[in-house]
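Accompanying notes for the structure given below.
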Amino acid sequence: MVMIKTFTAIVDRQKDVETLQEMKDYIDARIRALESQTSEAADRSSGKGREVVASVTYRLEKVRCGKKGCKKCPHGPYWYAYWKENGKTKSKYIGKNT
């Protein structure tokens with residue numbers, strides 16, 4: 001499969017452990033999100049009545065602290081979740097490691 005070969009090539013090109021750990025953390029978070037959606041869909045179909053959020057996007061972002069002259073900016077990377085509610089984009093800080 002072409003996509004798997006491309007992914008493998010991207011992983012193999014990484015030269016530092018930090019970047020690979022960030023990629024691993026992202027994949028782990030994505031797996032948990034998909035597992036959660038699967039179990040929530042099963043609960044909904046079994047009549048438990050749980051609401052499923054249609055789509056949550058997880059992003060790894062670097063942020064500026066806003067302090068004048070900060071030599072460490074940008075800080076991070078930190079995980080953020082984004083989703084839509086009533087037509088508005090909502091976000092939530094997840095943390096440095098998930």
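Because the structure is a prediction, the values reported are computed rather than measured.
- Shown here are the salt bridge (Lys or Arg N to Asp or Glu O under 4.0 Å) partners of Arg59, two or more places apart in sequence or in another chain: Glu61.
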**OP:** Given side-chain contact (heavy atoms from CB on, under 4.5 Å), test Cys73 with His75 step by step and report yes or no.
**Re:** CA-CA 5 Å; Cys73 274; His75 300 277; 3.7 Å; yes

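- Residues satisfying the ring-ring contact (aromatic ring centres under 6.0 Å, His included) test with Tyr82, not counting sequence neighbours, are none.
- Residues Thr57 and Tyr80 are not in side-chain contact: their nearest non-hydrogen atoms beyond the backbone lie 4.5 Å or more apart.
- A distance of 14.0 Å separates NZ in Lys88 from CH2 in Trp83, rounded to the nearest 0.5 Å.
- By the criterion of side-chain heavy atoms lying less than 4.5 angstrom apart, applied directly or through intervening Ile, Leu, Val, Met, Phe, Trp or Tyr residues, Ile31 is grouped together with Met23 in one hydrophobic cluster.
- Distance CG/Leu20 to NZ/Lys15: 10.0 Å, rounded to 0.5 Å.
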**OP:** List the steps, then state whether ring-ring contact (aromatic ring centres under 6.0 Å, His included) holds for Trp79 with Tyr93.
**Re:** CA-CA 6 Å; Trp79 285 102; Tyr93 169 74; over 10 Å; no

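- Summarising the geometry, atom CD1 belonging to Ile94 is positioned 11.5 Å from atom CG belonging to Leu60; distances are rounded to the nearest 0.5 Å.
- Every residue meeting the side chain to side chain contact (heavy atoms under 4.5 Å, CB included) condition with Asp16, not counting sequence neighbours, appears here in chain and number order: Glu18, Thr19.
- Among residues two or more places apart in sequence or in another chain, the side chain to side chain contact (heavy atoms under 4.5 Å, CB included) test is passed with Lys67 by Cys65, Cys70.
- By the side-chain hydrogen bond (donor to acceptor under 3.5 Å, both in side chains) test, Lys24 is found to be paired with Asp28, residues two or more places apart in sequence or in another chain being considered.
- In terms of the side chain to side chain contact (heavy atoms under 4.5 Å, CB included) criterion, residue partners of Lys62 (sequence neighbours excluded) are, by chain and number, Pro74, Pro77.
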